[in-house]
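Note sheet for the following structure.
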Amino acid sequence: MRYSLAHIPTLKEAPKDATTVSHVLLLRAGYIRMVGAGIYEMLPLGFRVLSKIANIVRSEMDRSGAQEVLMPALLPREYFEETGRYTLYGDVLMKLKDRKGGEYHLGPTHEEIITDMVRRDVKSYRQLPLNLYQVQTKFRDEPRPRAGLLRCREFTMKDAYSFDATEEGAFKSYEAMRETYHRIFKRLGLDYRIVQADSGAIGGKTSAEFQVLAQSGEDAIVACGSCDYAANVEVAATNPPPAHVGAVPAMEKVETPGKKTIEAVSEFLKVPATETIKALFFRVVWADRVGHALAFVRGDREAHEVKVQNALGALEVVMGSADEAFGVGLFAGYIGPQGLDATKLEILVDREIATGAGFVAGANEKQHHVKHAVFGRDFTGKVVDLRKVVDGDACPSCGKELKTYRGIEGGHIFVLGTHYSSKMNATFLDVEGNAKPFVMGCYGIGVSRLVATAIEQNHDADGIRWPMTIAPYQVIVAAAGKEDDLRAAAESLYEGLRARGVEVLLDDRDERPGVKFKDADLIGIPLRVVVGKKGLAEGKVELKARTEKDALLVPTGDLVDLVVKKIEAAGVRLLPPT
RNA sequence: CGGGGCGUAGCGCAGCCUGGUUAGCGCACCAGACUGGGGGUCUGGGAGUCGUGGGUUCGAAUCCCGCCGCCCCGACCA
C-alpha cells in the first residue's frame with residue numbers, strides 16, 4: 001500500500017475522552033473512530049489488525065476440527081425465552097421491534113441459536129462430537145462501556161460451541177479448546193495467564209479464563225511465581241490454615257463501650273486484629289426468595305463478595321445497612337457468630353475462623369464483645385473459604401508466594417453440561433436408542449477487545465509496537481528525502497518485498513523524514529526501512545525494528561531477504577502473490 | 001442507577017463568573033515560498049446550527065429551566 005493513497009488519519013493530540021493507553025493510541029494512530037458510547041468504526045488499519053486476529057483464531061479453530069458457521073445477529077425473542085434468558089439478561093439485551101410489532105433483539109451470545117441449529121439436524125450419537133464456531137458482531141447494552149475497544153456495546157467475538165454425547169466427551173472437547181486457546185494466545189504474542197474463574201450464574205461446573213496481563217485490566221487475578229496456579233480473585237484460594245491445637249479458656253463477655261470497629265476493639269482489648277472476628281451483613285437475593293446472611297472472617301481479612309454469593313447459591317448479595325441489620329435483631333458493631341438464629345439468617349464462617357483458636361467477636365448485645373469464642377464449642381455455621389487472597393498469600397498448590405496482577409479477559413472457556421440442551425429439548429439417540437440431551441461447552445474470544453489488549457501490552461511513549469503476527473503491515477519503507485534516486489530505490493525495495501508476499505506500506509508522501517518517522521512509530525509497524533542519501537551512496541539502506549533503539553545498515557541487495565527472514569522468524573508464513 | 005466532570009471548526013483549548021460590533025488561539029486542512037534525518041518556518045486562505053429546546057433581556061456562547069450526548073469513579077457485567 002502506498003501511504004499517499006491510504007486513509008491513515010493520525011492525530012498529534014488525543015481526543016480528551018480517551019484515557020486508556022490503547023484507546024488513545026487507536027484514535028491517534030488512525031485505527032478507529034467513535035460513533036457513540038461503546039460503538040466504534042474500524043478504519044483501514046484497525047480493520048487489518050482485527051482481521052489478522054480473527055484469521056489466527058480461525059486457523060487454530062479449524063486445525064482443532066471445529067467448523068465455522070455464521071448465525072444471525074438479529075434474533076426473534078422466542079429463542080431466549082426458551083431458556084429464560086430473555087428476562088435474565090434484561091437490560092443488557094438490545095431490543096427492537098419490526099413493522100408488525102414482532103419482538104427481536106440483537107444477539108449478545110448464541111447458545112440458544114446454535115442449540116436450535118444442532119437439534120434440528122443432529123439426531124444420533126454417531127454425528128457427535130461437533131464443534132461449531134463463528135466470528136461475529138455481538139451486541140450488549142453494557143451498563144458502562146469504557147476504555148475504547150476494551151468494553152464495547154458492539155464488538156467482534158469468536159464464539160464456539162461443542163456438542164458431545166457424554167460428559168467425558170465434553171471434557172475432552174473442553175481440553176482441546178484449552179490447547180487451541182493456548183496456541184492462539186501464543187501466536188498473538190500476548191503475555192497471558194490461564195486462570196480459574198467464577199462461572200457466573202449460568203456457567204456450569206468448569207471454566208477457565210485467558211487473562212492477558214495489563215495494568216488497565218478490569219479483573220484482579222493472582223498467580224503463583226513458582227507453579228502454574230492462577231485464579232481470578234473471585235475464586236482464588238490460599239493454603240488452608242493449620243488447625244489450632246490446645247485448650248482455649250471459656251468464652252467470656254466483656255464491656256466494650258463505643259468500640260465498633262476491629263481497630264477500636266483490638267486496641268481496647270489489647271488483642272491483635274488476627275485474633276478478632278469481623279462480621280459482614282448481607283442482603284441476599286436467591287432465585288426464589290430474598291433474605292439476609294452473615295459472613296464471618298478474621299478481623300484483618302477481607303471477604304470476597306463473589307465467594308459469599310457462591311457459598312450462598314445466591315443470584316446477588318449486597319452489603320446491608322446498620323438499620324437493616326437492626327431490623328433482624330443485630331447491633332452493627334457488636335455482631336458475633338454466637339447465639340444466632342440460623343432459621344432467620346444464613347451463617348457463613350471462613351475456614352480460617354473454624355480452625356483457629358479463640359477469637360474476640362461481637363456479643364450480639366450493645367456495647368459488648370466476647371473473648372475466646374471457639375468454633376464448634378461456642379458457635380457454628382457453614383464453613384467455607386471466603387477470604388480475598390492478597391499479595392504474598394501462600395499458593396494452594398505449592399505453598400510459595402502468590403502475586404496479584406491486573407488482567408483483561410481475552411477468552412473464557414466453559415463446560416456447560418446439559419443446561420441449554422435440556423431446557424431446549426435438544427436430544428440425540430444414544431447406542432441404546434434413548435433420547436439424551438447434548439452435553440455442551442462454549443468458548444469465547446473477544447476478538448476486537450484483543451486489538452486493544454495487544455496495544456496495552458505493546459506500546460511505548462512514541463506509539464504502538466505491534467507483534468509481527470497481527471501488525472497491519474509488517475514493514476514500512478520510506479525515502480528520507482525527495483530526490484529521484486532515493487524515491488526510486490524505495491520504490492524498488494517496495495516492489496521487491498511485495499513480490500515475496502510481504503505486507504508493505506510505502507511512505508511515498510512528500511513529507512519531511514521526521515514526520516514519516518513519527519507516523520511510523522505511532523502506527524507501530526514492526527520493521528522500518530529507510531533509504532537515505534549517505535547510505536545509498538554506499539549501496540546500503542537502514543533496517544530498524546520498532547522495538548529496538550538502533551538501525552542496522554544493510555546492503556541494498558540483501559534487504560529483501562533479510563526482511564523476509566525476520567518476518568518468518570516471528571512466526572509468519574509469507575505467501576507470494578499469485 | 002448513584003457520585004463527579006465535560007459539550008465552542010476535524011483534534012486540543014480560550015472566551016462564560018461580570019450579557020454588548022464581524023466568536024478567538026494552536027494543531028490539522030488548502031495555495032505559495034523557503035526548508036529537508038525525529039511532527040520545520042513564513043505569507044495568504046477555507047472551515048462554526050457555540051450539543052439541543054424553551055425562557056429572561058433592547059441584546060445570550062455567556063444568565064435561568066428542561067432535554068440529549070460524552071468521559072471518569074462506583075454499582076452492574078458469561
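As a basis for the values below, the full set of heavy atoms in this structure was taken, side chains included, without hydrogen atoms, waters or symmetry mates. So you know, we letter chains A, B, ... as the sequences are listed, proteins then strands, and number each from 1.
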Between [N] and [M], how far apart are the two [atom1] atoms, rounded to whole Å?
{"N": "B:C58", "M": "B:U52", "atom1": "C1'", "answer": "25 Å"}
{"N": "B:C30", "M": "B:G36", "atom1": "P", "answer": "22 Å"}
{"N": "B:G3", "M": "B:G46", "atom1": "P", "answer": "47 Å"}
{"N": "B:A61", "M": "B:G55", "atom1": "P", "answer": "15 Å"}
{"N": "B:U22", "M": "B:G59", "atom1": "P", "answer": "15 Å"}
{"N": "B:C16", "M": "B:C6", "atom1": "C1'", "answer": "14 Å"}

Ring centres of A:F80 and A:Y86 under 6.0 Å apart? no
A:R528 (side chain) and B:G38 (base): donor-acceptor pair under 3.5 Å: yes
Side chain of [X] only, heavy atoms from C-beta on: which candidate in [options] is closest?
{"X": "A:K12", "options": "B:G12, B:G40, B:A75", "result": "B:G40"}
{"X": "A:D519", "options": "B:G36, B:C72, B:G39", "result": "B:G39"}
{"X": "A:V515", "options": "B:G39, B:C73, B:G37", "result": "B:G39"}
{"X": "A:R151", "options": "B:G36, B:G39, B:C77", "result": "B:C77"}

Less than 3.5 Å apart, any donor N or O on the side chain of [X] or [Y] sitting next to an acceptor on the other?
{"X": "A:D159", "Y": "A:Y161", "result": "yes"}
{"X": "A:H23", "Y": "A:Y40", "result": "yes"}
{"X": "A:S162", "Y": "A:Y443", "result": "yes"}

Is there a side-chain contact between A:R146 and the phosphate of B:C73, meaning an N or O under 4.0 Å from OP1 or OP2?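 So the side-chain polar atoms of A:R146 do come within 4.0 Å of the phosphate oxygens OP1 or OP2 of B:C73, strictly under.
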Starting at the 5' end of RNA chain B, which residue's closest nucleotide do you reach first, A:P15 or A:Y40? A:P15
Can you measure A:D17 atom CG to B:C73 atom P for me and round it to whole angstrom units?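 So the CG-P distance, A:D17 to B:C73, works out to 13 Å.
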